[in-house]
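Here the structure comes first, spelled out in C-alpha cells, and everything after it is commentary.
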Amino acid sequence: MLDAIIKEFGLDDEALSIIPLTQGLINSTWKICGKEHAYILQKINHTIFKRPEDIAQNIDIISAYLKTHHPGYLFVSPLQTADGKSLIYKEGDGYYRAFPFVAGSHSKDVVKTPAQAFEAAKQFGRFTKLLAGLNVSSIKITIPSFHDLGLRYSQFLTALNNGNKERILQSATLIDQLKQWSFIKDQFEEIKNNPAFKLRVTHNDTKISNVLFDEADKGLCVIDLDTVMPGYFISDLGDMIRTYVCPVSEEEADFSKIEIRDEFYKAVVLGYYEEMKAVLTETEKDHFFYAGPFLIYMQALRFITDHLNNDVYYGARYAGQNFVRAGNQVTLLQRLFEKKNILENIIKEEK
Ligand code: GN1
Ligand code: MG
C-alpha cells in the first residue's frame, strides 16, 4: 500500500527507504529517504479525524494567509499529486498525505534544556500571533469539542455510569481526586462565557516533536496542523506546561520521578509570552497559571475515561496503561498545585 501512495505523490523514482516513526498515539508516520530529498508520509486516523478534507482545507487557508501576510514564515506545505490533491484516499484503508522534509531541520522527542522549551513555546506563540488577523471562523473544527473541558468532564461521568465495573472500583482513589478538582472545569465554563477570552487559531498539539529546529537549535516553525482549530490560548500554553516542564513523560509509571522544573516552566512562559504579549487581552494574561491545571486535568480525565471505556480511544500496549497515564497526570497536577505560589511569581516577573 505505501508503495502505491509514494508513487501517487511522484516519489517512487527517488524512494530508497521507508522508516516508520513511532511518535504519536493517533496518526502513523514514516520518513521516506530518497537519494537527495527526504519526505514525511502520514496516514490520518480517520476514526478520530472524521473529515480529513477539513484538515487539508485548513492547511490551504493558513498557507495562503501566511504567504500573503507573513511571507518570511517557513510554512511546510503538503505535497500534491499530479492531479493537485494533497490527500490520497485508499478505499478500506484511509487517508495519506506527505510533506517535504526541511533540509537542515530536526525535531526532538524530549525537551532537554530550558532553551529548547523557550524556543518551542516561542514558535507556538508566533504561530497564533501571525494568524491573529485571520478570521478564526474560516478555520474548520477538525475534532468537535476537542478541548472542551466541560464535555471531557461529562464523558468522564458517563464512563463512571457505563464503563468497566471492575476498573471503576479499582480506580476509586483517582476518580475521587478528579471529582474534587471539578472546579477547574467550572472555571473553564466561566472562560467560555467571558468575551475577554478570544477564540484564536491554536495548534492544540504542542508537543516538542511538532517543532522544527535548525542546526543551531533555534526554532524554525511548527508542524502537524491536524488539530489546528479555533481555540483558547490556554490549550497551547497548557499542553507545553504539561509536556515540557516535567522530566518524565505521561508514560512514566514511577510517579516519584514526576516534578515541576521551575526553569523549564519559566522558559515556556517567557517564550510564549514574548510572542503573544502583543495580542493577548489583560484577562487572558491573568490566566497563565490556569493554563497548566486546565490542560493537565483534561488529559487526566481523558486517560481515565478511556481506561474505564476499555481503551477504545488511545489503545493500550499493556493492561492498565491508560490508568498509569491518568495517575501520572494526576500526580503532575498535584506537583503543579504545590508550587502554585512560586510559579505565579515567575509569571508575574515575566509580565
Ligand atoms: C494524542 O497522537 P498524539 O500523541 O499527537 C491526542 C492529544 C493528546 C496526546 C496525549 C487527536 O496526540 O490530544 O494530548 O495524544 N490527540 C488526539 O499523548 O486525540
Ligand atoms: Mg498530532
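Numbering of residues begins at 1 and proceeds along the displayed sequence.
- The distance between the ring centers of Phe127 and Phe124 does not fall below 6.0 angstrom.
- Under the salt bridge (charged side-chain N to carboxylate O under 4.0 Å, His left out) criterion, Lys277 pairs with no residue, sequence neighbours left out.
- Taking 4.5 Å as the limit, every side-chain heavy atom of His37 sits out of range of all side-chain heavy atoms of Phe101.
- Across every non-hydrogen atom of Ala117 and Val268, the tightest pair is CB-CG2, 4.1 Å.
- Using a 4.5 Å heavy-atom cutoff, the side chains of Asn210 and Val222 are not in contact.
- Within the structure, salt bridge (Lys or Arg N to Asp or Glu O under 4.0 Å) contacts touching residues 133-152 (residues at least two apart or in different chains) are Asp148-Lys192.
- Between Phe323 and His307, the ring planes are tilted. Angles from 30° to 60° get that label.
- Annotation: side chain of Lys207 is not in contact with side chain of Ser249 (no heavy-atom distance under 4.5 Å).
- Each salt bridge (Lys or Arg N to Asp or Glu O under 4.0 Å) pair with one or both residues in residues 323-334, not counting sequence neighbours, appears once here: Glu251-Arg325.
- With ring centers used as reference points, Phe49 lies 6.0 Å or more from Tyr95.
- Phe118 belongs to a hydrophobic cluster whose remaining members, ordered by chain and number, are Leu270; membership requires side-chain heavy atoms of ILVMFWY residues under 4.5 Å apart, directly or through intermediates.
- Across all non-hydrogen atoms, the minimal contact from His147 to Asn204 is ND1-OD1, 3.5 Å.
- Under the 4.5 Å side-chain heavy-atom criterion for grouping Ile, Leu, Val, Met, Phe, Trp and Tyr, Phe99 is not connected to Ile19 through any hydrophobic cluster.
- A search for side-chain contact (heavy atoms from CB on, under 4.5 Å) contacts involving Asp217 returns His106, Lys108, Gln116, Phe213, not counting sequence neighbours.
- Placement of Met240 and Val110 in two distinct hydrophobic clusters is found when ILVMFWY residues are connected by side-chain heavy-atom separations under 4.5 Å, directly or transitively.
- Ion pairing between Arg335 and Glu338 holds under the 4.0 Å rule for side-chain N and carboxylate O.
- Other residues, nucleotides and ligands contribute more than 12 heavy atoms inside 6.0 Å of the CD1 atom of Ile88.
- Side chains of Arg126 and Gln123: a donor-acceptor N/O pair is present below 3.5 angstrom, by distance only.
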Q. Could you walk me through whether Lys179 and Asp176 pass the salt bridge (Lys or Arg N to Asp or Glu O under 4.0 Å) check?
A. CA-CA 5 Å; Lys179 282 185 172 167; Asp176 265 4; 5.5 Å; no
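- Environment of NZ in Lys90: crowded, with over 12 heavy atoms of neighbouring residues, nucleotides or ligands closer than 6.0 Å.
- Contact detail for Pro100 and Val76: the closest heavy-atom pair is O-CG1, 3.7 Å.
- The backbone N or O of Asn309 sits nowhere less than 3.5 Å from a side-chain atom of Asn164 that would complete a donor-acceptor pair.
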Q: For ring pair (Phe, Tyr, Trp, His ring centres under 6.0 Å), just list the numbers for Tyr273 and Phe288, CA-CA rounded to whole Å, side-chain angles, deciding distance to a tenth of an Å, and then say yes or no.
A: CA-CA 9 Å; Tyr273 191 67; Phe288 263 52; 5.7 Å; yes
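- Counting only heavy atoms from C-beta outward, the side chains of Val228 and Leu131 never approach each other to under 4.5 Å.
- Checked options Phe233, Phe197, Phe294, Phe188; the residue passing with His287 is Phe197 (criterion: ring pair (Phe, Tyr, Trp, His ring centres under 6.0 Å)).
- Every residue two or more places apart in sequence or in another chain that forms a side-chain contact (heavy atoms from CB on, under 4.5 Å) with Ala300 is listed here: Leu178, Gln329, Val330.
- Between Glu252 and Val324 the shortest heavy-atom distance is O-CG1, 4.0 Å.
- Between Glu119 and Lys122 there is no salt bridge, since no side-chain N of the basic residue sits under 4.0 Å from a carboxylate O of the acidic one.
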